[in-house]
There are 2 protein chains.
Amino acid sequence: MRLRQLRFLVAVYEEGSFTTAAHRVHATQSGMSMQIKALEESLQVRLFDRSPSGVTPTRAGELAYQRATRVLRELGGIKSDLAMMEDHITGSVSVGLMPTTTRTVIAPVLAKFASLYPDVDIKMEEAYSAQLSAGVMAGRLDFALVPPTQSYRGLKVTHMDSDVEVFVTAPDKGRDNLSAIDLTGVEPLKLVLPGPDNARRAKIDSSLKTFNIPVRAIMELDAMMATLDLVARSDWTTIAPGCLVIADMESRQRFLHPITRPAMAVDYVLIEPASTPLSPAAQLLCEELQAELSRVCQRCRDELGS
Amino acid sequence: MRLRQLRFLVAVYEEGSFTTAAHRVHATQSGMSMQIKALEESLQVRLFDRSPSGVTPTRAGELAYQRATRVLRELGGIKSDLAMMEDHITGSVSVGLMPTTTRTVIAPVLAKFASLYPDVDIKMEEAYSAQLSAGVMAGRLDFALVPPTQSYRGLKVTHMDSDVEVFVTAPDKGRDNLSAIDLTGVEPLKLVLPGPDNARRAKIDSSLKTFNIPVRAIMELDAMMATLDLVARSDWTTIAPGCLVIADMESRQRFLHPITRPAMAVDYVLIEPASTPLSPAAQLLCEELQAELSRVCQRCRDELGS
DNA sequence: TGACCTGCATCAGGATTGGTGATTGGCCGC
DNA sequence: GCGGCCAATCACCAATCCTGATGCAGGTCA
């Protein structure tokens, strides 16, 4: 068994095709075919079912893939360990974040990290989850913080923290700031929500539906800050994650209302490549981010929880 | 980087010599030298300090070794996983046990395991820890249950459970069966103990010394059952692990006395090769053994604890 | 102190391996 | 039924690795 064969296995599994997998790892289709065959022979088990339209992993292929990613991850860990041994952390980190976390959470992390490790180049990209996971899979991003979605082929997923959803209105619309609200017993809402591609949207829709919450109008805005700005200047309202709006507790530009019913949570998960470990710099940034995120989420749960 | 290089790295680290490592993995000294050199170049770090009397790992070598064992272990896990996928567990398991556990603990495990997996061949070896760890390192044993000792180069160590030491005498020597005893306030003892090579002996000696426990005579017997037999037929006494003597609770061939002072514990650890995972059969046997051991240890602590 | 031994590094040659590009054959959609 | 797509196979070539011999450094013993 060779490492190259494991890398090939991973590529084929993730691409579902010998040919495209071969391209991905800069090999030829014939070489790919031969190596997978050799691997199957050395393991004495068929890993993929071939068809004229590509390949699908067998049960054994699934298992082997899972292990192979772990082998490669450990393998990469060798280099990470050695790099971590250096007293001086260097290199560059690319991180992807969803808009929710870019308002409040990330700035202190970046400030602290940059002062702790001045020789690390930081790149940050703000986007929605689909784009971010594509970025991680393509290797453009080291890791990304996203809401939980499906289709994580080739990615390692770690749950980071859970946040609360908050009902947000303009100030002085008849409710006290920070007063709790039961959405099931309220006059029909004018809601600004993200579009149907957004991961939170599905959860919100399903809550609205199962609890029969009356909605007068929905406006779709895939722009967080615009949404908040609109809410502040009109009688439109929104439902937003605590991390996004906790800054309004002081500013009072908007009034925040903990939601007693229905219970709605926002999860944040970390995605990273399944078969490569984070670089030392990325790992450290990740730890800082995790720490700050749970600090903020904790505060949200305490002060904006129902 | 190649798997072969990692195997070489592991061998060199554990043997402390290119030449003997080469023999171990059926390679030549020159090939070994070249591969290690290639690995060092690909990692851009020196892994071993060469000397005319052998090699010693650098700090980087230590780290790389640790990771390499994990990589190889994961790698072996691929085959284990696939074997585990078979509905029918087969193969053979070789396990090493110290005498303490062979009196009471192992029989029910073997009985259960043999009936659950009738097609697995079981080999068991009873010996003292040094011999057992040598057996595991040589690959003769899949794993072994031993008391904690040093020198675990090349072995993965897992703590299994903790047991109590019990003071054992012949029946009717003036103490009630199961009555607790404080060894610090007792007439000078005639003790039968294992020899100085035994892992428990050092702990017992140090306890005797630090608590100034008076000892009239010590007889060294490296044979557990002979020790117990002698104790049953004379005024010699011994200190024995709960697992070993719990069978006497019913038989009353010997009287058992929980020790209130000094506090003495016996630990059991599992050792297995660091860079190969257990075979499915070995894993299952291991689980049964763990379960039974903690059942017995629990009972010892409950009924023979101080 | 000098002969000897041990252990690693190096070298050149040779065998094995793996990769390449072209070709074949099977299946699907048009 | 034809072209497109995909995997399997083959023969050839290149890279790699292994081998056995040799060199060199340090330690040991007489």
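Below, read A as the first sequence line, B as the second, and so on, with proteins coming before strands; counting in each chain starts at 1.
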What integer distance in Å separates Q35(B):CD from dT16(D):P?
12 Å

Rounding to a whole Å, what distance do you find between M1(A):CE and dT17(C):C1'?
18 Å

In this structure, how many angstroms lie between the P atom of dC8(C) and the CZ atom of R46(B), rounded?
13 Å

Answer yes or no: does a side-chain N or O of R2(B) lie under 4.0 Å from OP1 or OP2 of dC17(D)?
yes

Does a side-chain N or O of T19(A) approach OP1 or OP2 of dC6(D) to a distance below 4.0 Å, or not?
no

Between E74(A) and R73(B), does any NZ, NE, NH1 or NH2 come within less than 4.0 Å of an OD or OE carboxylate oxygen?
no

Look at the side-chain N and O atoms of S30(B) and state whether any lies under 4.0 Å from the OP1 or OP2 oxygen of dC18(D).
no

Just N and O in the side chain of R4(A): are any of them under 4.0 Å from OP1 or OP2 of dG19(C)?
yes

Quick check against the 3.5 Å criterion: does Y117(B) have a side-chain atom that pairs as donor or acceptor with the backbone of L284(B)?
no

On DNA chain D, does the nearest nucleotide to S53(B) precede the nearest nucleotide to G54(A) from the 5' side, or the other way round? Give the residue.
G54(A)

Measure the distance from CZ on F18(A) to P on dG26(C) and round it to the nearest whole Å.
18 Å

So, are K209(B) and D205(B) salt-bridged, with charged N and O less than 4.0 Å apart?
no

State whether the side chain of T58(A) and the backbone N or O of R46(A) hold a donor-acceptor pair below 3.5 Å, judged by distance alone.
yes

Does dA25(D) have its OP1 or OP2 closer than 4.0 Å to a side-chain nitrogen or oxygen of R50(B)?
no

Interatomic distance, I36(B) CD1 vs dC18(D) P [rounded to whole Å]:
11 Å

For dA9(C) and S33(B) - does any side-chain N or O of the residue sit under 4.0 Å from the phosphate oxygens OP1/OP2?
yes

Nearest-neighbour nucleotide for the M34(A) side chain, dT19(D), dT9(D), dC8(C) considered
dT9(D)

Side-chain N,O (K37(B)) to OP1/OP2 (dC8(C)) below 4.0 Å:
no

Spacing of L47(B) atom CG relative to dC8(C) atom P, expressed in whole Å:
15 Å

Atom CD of Q29(B) and atom P of dA21(D): how far apart are they, to the nearest Å?
13 Å

Give a yes/no answer on whether the side chain of T28(B) brings an N or O atom under 4.0 Å of OP1 or OP2 in dC18(D).
no

Please find the pair of heavy atoms, one from S80(A) and one from S279(A), that lie closest to each other, and give the distance.
OG-CA, 4.4 Å

Taking atom C1' of dT17(C) as reference, at what distance in whole Å does atom CG of L39(A) sit?
16 Å

The side chain of P52(B) lies closest to which of these nucleotides: dC27(C), dT19(D), dA25(D)?
dA25(D)

